[in-house]
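Treat the numbers as computed from the prediction; the structure is a model and nothing was measured. Residue numbers begin at 1 in each chain, while the letters A, B, ... track the order of the sequences.
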Amino acid sequence: MPELPEVEIVRRRLHSAVVGQLIEDVIVLDPSVCRQEPAEVRRRLVGRRIAGTARRGKWLIFDLGTVLAVVHLRMTGRLLWRPAAEDQSRQPRFVIELEGGQRLHFFDVRRFGGLWAVPTAEATAFFSELGVEPLSEEFTVACLRDLVAGRRTPLKAFLLDQRRIAGIGNIYADEALFRARLHPLRPAGSLGPREAARLWGALRETLQLGIDHEGSSVESFVDPAGARGGFQEILNVYQRTGQPCRVCGASIRRVVVGGRGTHYCPRCQPWRSARAERRKAPHCTQRGH
DNA sequence: AGTGGCTCCTGGCGGC
DNA sequence: TGCCGCCAGGAGCCAC
C-alpha cells in the first residue's frame with residue numbers, strides 16, 4: 001500500500017516532469033474518485049500551471065498557485081505516465097493532460113483513492129487533522145514523547161493514527177516496531193525515555209530506508225514509470241507470518257490490532273520493557289537491528 | 001479516550 | 001474445473 005515512502009517516490013519521480021507545465025485538461029472518467037463535483041474540480045484545475053509538488057503524510061500535492069490538486073492513492077491507486085500491462089484492459093479513473101501532450105493517468109482498482117481541488121486559502125483547514133511529518137525537523141524525540149504521553153492505545157494503533165503522525169501505514173508501522181524492538185500491543189504511554197527514543201529512531205530509519213529502496217511493492221505499488229520498489233525484499237516482519245525472524249530465528253506472529261493485520265517477532269519484541277527482559281533473560285541479547 | 005463495527009471496493013484466495 | 005463466500009486494508013464515521 002502506498003505510505004509515506006511510496007508517495008514521496010511518486011512525488012520525486014513526477015516533480016521535474018510536471019513543474020512549469022500547464023494543465024490543459026482534467027478528464028474524469030469515474031466521478032466517484034472526485035470527492036467534489038467533477039465539473040468544479042475541472043474548473044479549478046484546468047488552465048493552471050504547476051508551480052511545484054509537495055507531500056503531506058500520504059497526500060500528494062500539486063501546487064497550482066491559488067489552488068492545490070491533491071491526490072490520495074489509498075490502497076491501490078497508481079499514477080502512471082503510460083498504462084501498465086495490467087491496467088490496459090481498464091479505464092483510468094481520471095487523466096491529467098499537460099501541455100506538450102503528456103498524460104498522467106490515475107488507475108485504482110478498489111476506487112478508494114481520489115482527487116481533490118483545494119483552494120490554497122483552504123489548504124490549512126483541509127490538512128488540519130494531519131499530525132506531524134515524521135521525517136521533518138519538527139518531529140523530535142521530545143515531540144514523540146509528548147504524543148504518546150498518557151495514551152493507552154496500543155503502539156500499532158497509535159502509529160496508524162494519521163492525526164498523531166502522518167504517513168505511516170501498516171507496513172512501516174510493523175517494520176518500525178520491529179526495529180525498535182517494541183511489542184505492537186504495548187500501550188503507547190507506557191514507553192520509557194529510552195524506548196521512545198528507540199521508536200523515534202526506528203521510525204525515521206524505516207521510512208528513510210523505504211524511500212532509499214524506492215518504496216515497497218507489496219500490493220501493486222509502482223512509480224509513475226511503472227518501476228517497482230525494492231523495500232519488500234528486506235521486510236523483517238510484514239507478511240512474514242510463520243517465517244523465521246531474520247535476527248533471532250523465532251517464528252513471526254500475526255495478530256489483529258485495531259482491525260489491522262499486525263506482524264511481530266515474539267522474541268525480539270517482548271511485551272516487557274528491555275530492562276525487565278535483560279533481568280529475566282540475560283542470555284537474550286538484541287543485536288543486529 | 002478508546003474500541004469495535006461498518007462502509008467503501010474488488011482481486012485473490014480457500015473450501016467444497 | 002468452477003463457483004461461492006470471505007477477506008484485506010486507509011480512512012472516515014458512528015455507537016457505546
Where the side chain of Arg43(A) meets the backbone of Pro38(A), is there a donor-acceptor pair that is under 3.5 Å apart? no

Would you mind classifying the nucleic acid contact of Arg93(A) as base, sugar-phosphate or nothing, using non-hydrogen atoms under 4.0 angstrom? nothing

Nearest-Å distance, CZ (Arg164(A)) to P (dG12(C))? 13 Å

Okay, side chain of Gln269(A), backbone of Arg181(A): is any donor-acceptor separation there less than 3.5 Å? no

Given DNA chain B, 5'-ward residue of the pair Arg111(A) and Arg260(A), judged by closest heavy atom: Arg260(A)

Distance from Arg56(A) atom CZ to Leu4(A) atom CG, nearest 0.5 Å? 10.0 Å

Between Arg198(A) (side chain only) and Ala180(A) (backbone N and O only), is there a donor and an acceptor less than 3.5 Å apart? yes

Aromatic plane relationship, His72(A) with Trp59(A) - under 30° parallel, 30 to 60° tilted, over 60° perpendicular: perpendicular

Nearest-angstrom distance from the residue atom CZ of Arg110(A) to P of dG12(C): 18 Å

Could you state the CD1-P distance from Ile171(A) to dG9(C), rounded to the nearest angstrom? 9 Å

At 4.0 Å (heavy atoms only), tell me whether Gly169(A) reaches a base, stays on the sugar-phosphate, or touches nothing. nothing

The correct set of residues in residues 121-135 of chain A placing a heavy atom under 4.0 Å from DNA chain B is none

Can you tell me which residue among Glu3(A), Lys156(A), Arg260(A) is in a side chain to side chain donor-acceptor pair (under 3.5 Å) with Asn170(A)? Lys156(A)

Looking at dG9(C), I'd like to know if its phosphate oxygens (OP1 or OP2) sit under 4.0 Å from a side-chain N or O belonging to Tyr238(A). yes

Return the value, rounded to whole Å, for the distance between atom NE2 of His263(A) and atom C1' of dG9(C). 12 Å

Tell me if a side-chain donor or acceptor on Glu175(A) pairs with a main-chain N or O of Val237(A) at a distance below 3.5 Å. yes

Can you pull the contact range of chain A along DNA chain B, 5' to 3', using atoms under 4.0 angstrom from its heavy atoms? dG2(B) to dG11(B)

Residue set satisfying salt bridge (charged side-chain N to carboxylate O under 4.0 Å, His left out) with Asp161(A), at least two apart, ordered chain then number -> Arg163(A), Arg164(A)

Checking Arg11(A) against Thr53(A): is there a side-chain donor and acceptor pair closer than 3.5 Å? yes

Verify, without hydrogens or angle tests, whether Thr120(A) (side chain) and Val67(A) (backbone) share a donor-acceptor contact under 3.5 angstrom. yes

Would you say the side-chain atoms of Glu8(A) pair up with the backbone N or O of Ile211(A), donor to acceptor, closer than 3.5 Å? no

Would you say that more than 12 heavy atoms from the other residues, nucleotides or ligands in this model lie under 6.0 Å from the CZ of Arg152(A), or not? no

Between CZ of Phe112(A) and C1' of dG12(C) the distance, given in whole Å, is 12 Å

Taking only side-chain N and O atoms of His72(A), does any of them lie within less than 4.0 angstrom of OP1 or OP2 on dG10(C)? no

All ring-ring contact (aromatic ring centres under 6.0 Å, His included) counterparts of Phe62(A), not counting sequence neighbours: none

Do the charged groups of Asp223(A) and Arg13(A) touch, with an N to O distance under 4.0 Å? yes

What is the distance, rounded to the nearest whole Å, between atom CG of Leu4(A) and atom P of dA11(C)? 11 Å

Between the opening five pairs and the closing five pairs of the helix from dG2(B)-dC16(C) to dC16(B)-dG2(C), how far apart are the helix axes, to 10°? 50°

Any base atoms under 4.0 Å from Glu3(A), or only sugar-phosphate, or nothing? Heavy atoms, all strands. nothing

Taking atom C1' of dG12(C) as reference, at what distance in whole Å does atom CE of Met75(A) sit? 15 Å

Going by number, which of residues 150-160 of chain A have a non-hydrogen atom under 4.0 Å from DNA chain B? Arg151(A), Arg152(A), Thr153(A), Pro154(A)

Interatomic distance, Asn170(A) CG vs dG10(C) C1' [rounded to whole Å]: 9 Å

